[in-house]
Amino acid sequence: MRVKHIISGFMSAALLLSLMTACSGGQKASDHQESPASAVSGQSAASESEKSNVSGQSTASESEKSNASEQSAQEQPEEQKSGKMYTLTIRDSGKSDKMTAQFINTMSGANEAVPMTKTDEGTDYFIYSCQADTSKYNMVHLDYSAEKPTLDVAFNKYVSGWYLSEGLLRPYVAGKEPDYNTKFETKIFQFDGYDKNVYIWTPDDYDPASAEKYSTIYLFDGQSDLADSIMPDDDGESWHIGEHITSMMSLTDNKAIVVGIETVEDTRYNELIPDLGELSIKNYPTTKRGGAFAQFLCDTVVPYIQNNYNVRTDAEHTAVTGSSLGGLEAFYTAMEHPDTFGTAGALSPSFWAYDLNTWTQWLLPKMSGKNLPYIYLYGGDYALDSGALAILMNNGLLQSGYPKDRIVCSVYQPGEHLNVYWQNMLPEFLQAMFERKVSALENGFVVPVSQEMQKMIKNYQQETSVTEREPTDKDYVYYDNSETKWEKVCAYWWGPYGASTTKITSNEYYDHKWPGIEMERIGDTDIYRVVAPSGAVGIIFDNGVGDDELAEGTEAYQTGDITYDKKIHPGQVYKIDMTQKPKAGTGIEKIKYKYPVGTWSDYNS
């Protein structure tokens, strides 16, 4: 399981404030009047039920006539193929009575509601479509018969259609059956004396002898990002990158394969953090082998792929991408090895790892290079993700002389630190790789640092400050094990900086991995407790089964993702509602069961 700490995507408050001061100084007024915080629609983050709603999707058989009809809804009129208007195609498994597309520009704040037209139907789906201008809008969400709208997804000419099922949108090729059973090869290499799995995905029509060769995308965290069937992330979703590329190939002349690099929990912190100097966070559990890992990729994996697959070997057609720590390592790898990688996709990158001076000392000597990579930076919410970090790195690079035509920053304020959000942005990364731009966004744009962002950071700095003292009942979070009867109870949480310190001391929780910190049993009761985290926004209670035990066949049980409020939940006890059956996971997590519902109550009552 990938650690959800947004400390793996957020710096300390003091560092961020110093960065903002450095990056905002002397900034000229921009034609873009709205800050990223105000530039998004009223779209809210996904609810817990939406996050857990990731079971396997059923697909319906359909006639050739219906396929052709659906495909025609996607086809663009001749006068539009080279223009800005583009057809959004939705396959709705819920057969909604009506649907409206809400288009937005996440940078300028422009938005437009467009009613969608039902253009086709099958036994278990409707096809809806409408058109909008890709030069004006870069994202879209759907209002339909459900209680809540969908999450926003990328809108450009690199995705053929979106399949709407159980409230989630996934990429698919209009006119074809949605298929998320991703097939891939597995090769085993050696890194630092241990096995390193590499997963290689090729399109269904991959031709090893074609004259036109394929581009290559190297993907960190390949075990959770490439396919649901390997090791799903905390939200149960992968990036569906193979489906994204298949969708792209149905519309463009671009072709690509994907090489997913496994980075499992025990070694992930070592492999995805390069050694640039002293870490900004003391005692963080890493040996900082990211430099060696990037070299391993260049010296071992890339040559193997280029010698055994029909791919282009130039940097322009070779990209590296990842999210969170994977985003940090992708950025580092491309900057360190621009002759190999011409594009870096850094999604919600963990730039917190080093302070401003360290980044400056490492980056400035590289600015004079003639073959600097194209950088696609993406960040979500300032607190729940690393939108602030993406903005600050973007601004710092530009103000240090990075070429404006080689960087774009996409910020989606409601975005959380979850795979489903990175999946939704992937068409932007694909366009960045093949066109060196993102429709509706501006290359080389210095993003304004909003007052909201500064205020948020200052508030967190105050709220996460601690004073050491003896704990009281109100300083603990409790779990009622009277019905679950787990032999062990653990607590696992995530959040922005401060999430990994205790509520009453400055002790750090960074050394804990899944399944979390073992909770203390109170006497002979069925109540367990742990000192509350100071800055967490989410928490999971589980029965202490780790990933290794799960892989060996040990059943695991846990709650779903529980929203945690540090002003409310310390001093409260959580109890699972056993009348609601737990939901099984997918892939190797098919024997991990999540209880979807529970209640909080006051411990002293």
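Along the sequence shown, residues are numbered consecutively beginning with 1.
The side-chain heavy atoms of L272 and L328, taken from C-beta on, include no pair separated by under 4.5 Å. Residues M107 and Y412 have side chains not in contact (no heavy-atom distance under 4.5 Å, counting atoms from C-beta outward). Within the 4.5 Å cutoff, the side chain of L226 has heavy atoms near those of the F184 side chain. Side chains of M248 and P171 form no contact here, defined as non-hydrogen atoms less than 4.5 Å apart. Proximity of V477 to Y574: side-chain heavy atoms (C-beta onward) are nowhere separated by under 4.5 Å. At least one side-chain heavy atom of P274 sits under 4.5 Å from a side-chain heavy atom of E329. The side-chain heavy atoms of V153 and H141, taken from C-beta on, include no pair separated by under 4.5 Å. No side-chain heavy atom of I562 sits less than 4.5 Å from a side-chain heavy atom of I540.
Side chain to side chain, S280 and D355 fail the donor-acceptor criterion of an N or O pair below 3.5 Å. Under the 3.5 Å distance criterion, with hydrogens and angles disregarded, a donor-acceptor pair is assigned to the side chains of T106 and N138. Checked by atom type, the side-chain pair E278/T358 shows no donor-acceptor distance below 3.5 Å. Between N197 and E262, the side chains place a donor N or O and an acceptor N or O closer than 3.5 Å (distance only, hydrogens not considered).
Minimum interatomic distance between M425 and A154 (heavy atoms only, all atoms of both residues): CA-CB, 4.4 Å. Across all their heavy atoms, H417 and S324 have their closest contact at NE2-OG, 2.8 Å. Closest of all the heavy-atom pairs between I407 and L398 is CG2-CD2, 3.5 Å. Nearest heavy-atom pair across N394 and V446 is ND2-CA, 4.2 Å. When all heavy atoms of L389 and W352 are compared, the pair lying nearest together is CD1-N, 3.8 Å. Of all non-hydrogen atoms in G544 and C490, the two that sit nearest each other are CA-SG, 3.7 Å.
Tested against Y479 for a ring-ring contact (aromatic ring centres under 6.0 Å, His included), the candidates F541, Y528, Y492 yield a single pass: F541. Put simply, the residue from Y354, F351, Y332 that forms a ring-ring contact (aromatic ring centres under 6.0 Å, His included) with W362 is Y332. The ring-ring contact (aromatic ring centres under 6.0 Å, His included) test with H244 is passed by exactly one of W422, Y172, W201, W162: W162.
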Next item on the list: Could you walk me through whether W514 and D542 pass the side-chain contact (heavy atoms from CB on, under 4.5 Å) test, one step at a time?
Entry: CA-CA 10 Å; W514 182 262; D542 63 85; 3.7 Å; yes
Next item on the list: Give the C-alpha distance, both sets of side-chain angles, the deciding distance and a yes or no for side chain to side chain donor-acceptor pair (under 3.5 Å) between S439 and N156.
Entry: CA-CA 7 Å; S439 295; N156 63 19; 5.7 Å; no
Next item on the list: List the steps, then state whether side-chain contact (heavy atoms from CB on, under 4.5 Å) holds for I375 with Y402.
Entry: CA-CA 10 Å; I375 304 295; Y402 205 85; 3.6 Å; yes
Margin query: Go through it in stages, so that I can follow the logic: the residues are I391 and V411, the test is side-chain contact (heavy atoms from CB on, under 4.5 Å), and I'd like the CA-CA distance, side-chain angles, deciding distance and then a yes or no.
Written below: CA-CA 8 Å; I391 290 173; V411 180; 3.6 Å; yes
Note to self: Using side-chain contact (heavy atoms from CB on, under 4.5 Å), reason through L363 and M393 one step at a time and then give a plain yes or no.
What the structure shows: CA-CA 11 Å; L363 285 168; M393 180 60 78; 4.0 Å; yes
Item checked: Stepwise ring-ring contact (aromatic ring centres under 6.0 Å, His included) test for Y593 and Y557 -> CA-CA 5 Å; Y593 301 92; Y557 294 87; 5.2 Å; yes
Note to self: One pair to check against ring-ring contact (aromatic ring centres under 6.0 Å, His included): F293 and F191. What are the steps and the verdict?
What the structure shows: CA-CA 8 Å; F293 198 58; F191 174 70; 5.1 Å; yes
Notebook entry, point to check: What do the steps show when you test Y374 against N443 for side chain to side chain donor-acceptor pair (under 3.5 Å), and what is the final call?
Noted result: CA-CA 10 Å; Y374 186 87; N443 276 348; 2.7 Å; yes
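Of the possible polar contacts, one joining the T321 side chain to the G345 backbone as a donor-acceptor pair under 3.5 Å is found. Distance alone, capped at 3.5 Å, is enough to place a donor-acceptor pair between the S350 side chain and the L325 backbone. Looking only at distances, no side-chain donor or acceptor of D475 sits under 3.5 Å from a matching main-chain atom of P570. A donor-acceptor contact shorter than 3.5 Å is absent between the side chain of K488 and the backbone of V545. In this structure, the side chain of T333 does not engage the main chain of A294 through any donor-acceptor pair within 3.5 Å. Between the D385 side chain and the G387 main chain, no donor and acceptor come within less than 3.5 Å of each other.
Judged by the 6.0 Å and 45° rule, R529 forms a cation-pi pair with Y476.
Rounded to the nearest 0.5 Å, atoms OH (Y595) and CD (Q580) are 11.5 Å apart. Atom CG of L377 and atom OG of S410 lie 9.5 Å apart (nearest 0.5 Å). Rounded to the nearest 0.5 Å, atoms CG (L418) and CD (Q423) are 12.0 Å apart. Once rounded to the nearest 0.5 Å, the distance linking CD of E271 with NZ of K196 reads 3.0 Å. To the nearest 0.5 Å, the span separating CG on D381 from OG on S386 amounts to 10.0 Å. Going from atom CG of N111 over to atom CD of Q102 covers 7.5 Å, rounded to the nearest 0.5 Å.
Under the 4.0 Å criterion applied to side-chain N and carboxylate O atoms, D275 and R289 are not assigned as salt-bridge partners. The pair E442-K437 does not count as a salt bridge, with every side-chain nitrogen at least 4.0 angstrom from each carboxylate oxygen.
Legend: residues meeting ring pair (Phe, Tyr, Trp, His ring centres under 6.0 Å) with Y376, ordered by chain and number and at least two apart, are absent.
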